[in-house]
Number of protein chains: 2
Amino acid sequence: MPTVHPPPAFQPIVHEGVGVPLYRVVARRLLAAIESGAMPPGSVLPNERDLASQFGVSIGTLRQAVGELVASHVLLRRQGRGTFVAHHDAERFLFHFFHVERADGLREAPEVETIRFERGRLDDDAADALGLRPGSAAWRIENRLRLQGRAVVHDRLQLPLSHFRGLTAKRFVERPSTIYRLYQDAFAITVLRARERVRAVAADADVAQALGITRSQPVLEVRRTALTFGDRPVEYRVSTVVTGAHEYVQTLSRH
Amino acid sequence: MPTVHPPPAFQPIVHEGVGVPLYRVVARRLLAAIESGAMPPGSVLPNERDLASQFGVSIGTLRQAVGELVASHVLLRRQGRGTFVAHHDAERFLFHFFHVERADGLREAPEVETIRFERGRLDDDAADALGLRPGSAAWRIENRLRLQGRAVVHDRLQLPLSHFRGLTAKRFVERPSTIYRLYQDAFAITVLRARERVRAVAADADVAQALGITRSQPVLEVRRTALTFGDRPVEYRVSTVVTGAHEYVQTLSRH
DNA sequence: AAGTGGTCTAGACCACCAT
DNA sequence: TGGTGGTCTAGACCACTTA
């Protein structure tokens, strides 16, 4: 039997206009192969010598191209093992996309409990963030996240139906791993990064009930737009965080 | 006349234990020269060929060392001009350390107005963040920041006296550029990055008065620890942000 | 032992910038 | 025009992983 994902054979690079560095052309070719599904998340790339000769470039140039994609978390290098197309897992989610931790610095993956799942329409904010028309068909999902057994975060997700056709409550709830991993495995959508805008607001009745807090208590409201390749938005969510025992954490300027 | 900052001559690298890559040894040497003051912020490095031969390494290895320091914002490369020791300016501050912008995405540098400047003592939080004893002598400073003429942020800074000896209200207020630039020029302290922890709280009387808002209105409280070389903490500040017209913004996972 | 990525060399030539 | 960093080559050898 053939392997499930035969690595594509890359054609030598010819000229591709002046001013564009060769390594960037190579990086774009690799990215295109990943986006097209020819090299799915988790799959291994041909080794660097082979790749370099397929592209007709030196190994140094090939490494510079791969290095760019590693820096943007599209690829993952593991010495002695190979280079892999990055995929979502609990660790990556925790590190890159979940920025709530206990006041004393303890980080842990949240327990997610889905409290609402229905077909609906994008509200104005979501439509704006996703670049779609308000009222477009969408999944509307609410989750409650617990840390150390305590309800700390309330999430309202809006997913455009056009990207997530065929999603069901059952598939959503019974996913084997994180939500972003589900996007990736079931819909070939890879979340690479996200923009977040944070405000302080008074908890509304909905959130207060879901999190068991007093109405009008100050809470963080985090509005996130998740992006895939080419910075195309694929998910809009509003997270409400009860701060006090837990906090929203950022390290500025690491890059 | 001699130039103000003659670039130090670097000695060839001999062995430096196994397992440590050569380029990392070179990077540490450069960093040490910067930390020691031999290459002050804004100064230009010798060109890459010369540096490589001083260290006795190939230009590729030298470039890899410099590349690491550029990635961590210690150095700055400008093609055709040279490699420079990074220094703080309004642009860098805005980009790396000021994450408040108008709800519609407009970013602008804040107008800073100092409303309190006095000698005092570190409180428990600041002492903990700075790794010093509570009650250590410190400068305590309060600023009000305006955006588009509107008071949006209230800052409470605590600076350990030991690092900022000789600071005066006059020097602080009449600094020619940003606060971090003052740290750098007057105290040889370069802020490289910062950790921030964000909570939603009700505005206290102090803050409400300074920002002209109602007491108990939900506001963001951002507690920042600013770090220099070796992740040594040098400043602790609590910023209170009125969100609504303005927001706290983050882009996750760029790196 | 075989295969992978990681480090390092000793160049050549290009693109950009100041003068 | 001369100097800078940026790109690219064609290797050699090292360190790590797996079998």
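Within every chain, numbering begins at 1; the chains are lettered A, B, ... in the order of the sequence lines, protein sequences first and strands thereafter.
- Of the residues in residues 79-91 of chain B, Gln79(B), Gly80(B), Arg81(B) come within less than 4.0 Å of DNA chain C through at least one heavy atom, sorted by number.
- Without hydrogens or angle criteria, Arg107(B) side chain to Leu94(B) main chain gives a donor-acceptor distance under 3.5 Å.
- Side chains of Phe55(A) and Val25(A) form no contact here, defined as non-hydrogen atoms less than 4.5 Å apart.
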Can you list, pair by pair, the side-chain donor-acceptor contacts under 3.5 Å of residues 61-68 of chain A, counting residues two or more places apart and other chains?
unit_1   : atom_1 : unit_2   : atom_2 : d
Thr61(A) : OG1    : Ser58(A) : OG     : 3.3
Arg63(A) : NH1    : Glu48(A) : OE1    : 3.1
Arg63(A) : NH1    : Glu48(A) : OE2    : 3.1
Glu68(A) : OE2    : Arg24(A) : NH1    : 3.2
Glu68(A) : OE2    : Arg24(A) : NH2    : 3.2

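- Both Ile59(A) and Arg24(A) lie near DNA chain D, and the one whose nearest nucleotide falls closer to the 5' end is Arg24(A).
- Going from atom CD of Glu48(B) over to atom C1' of dT7(D) covers 12 Å, rounded to whole Å.
- In this structure the side chain of Val198(B) never reaches within 4.5 angstrom of the side chain of Gln250(A), judged on heavy atoms.
- For residues 78-90 of chain A, the pairs satisfying side-chain hydrogen bond (donor to acceptor under 3.5 Å, both in side chains) are His87(A)-Arg181(A), with sequence neighbours left out.
- Residues satisfying the ring-ring contact (aromatic ring centres under 6.0 Å, His included) criterion with Tyr23(A), sequence neighbours excluded, are absent altogether.
- The side-chain hydrogen bond (donor to acceptor under 3.5 Å, both in side chains) test applied to Glu91(A) returns no partner, not counting sequence neighbours.
- Spacing between atom CZ of Arg49(A) and atom C1' of dC14(D) amounts to 11 Å, rounded to whole angstrom units.
- Whole-Å rounding puts the Ile13(A) CD1 to dT9(D) C1' distance at 15 Å.
- Counting any heavy atom pair closer than 4.0 Å across all strands shown, Arg78(A) reaches sugar-phosphate atoms only and no base atom.
- Whole-Å rounding puts the Leu22(A) CG to dC13(C) C1' distance at 14 Å.
- The phosphate of dT4(C) (OP1 or OP2) has a side-chain N or O of Asn47(A) nearer than 4.0 angstrom.
- With Phe164(A) as the fixed residue, the ring-ring contact (aromatic ring centres under 6.0 Å, His included) test singles out one of Phe172(A), Trp139(A), Tyr183(A): Tyr183(A).
- Only Arg63(A), listed by number, bring a heavy atom of residues 61-69 of chain A to less than 4.0 angstrom from any atom of DNA chain C.
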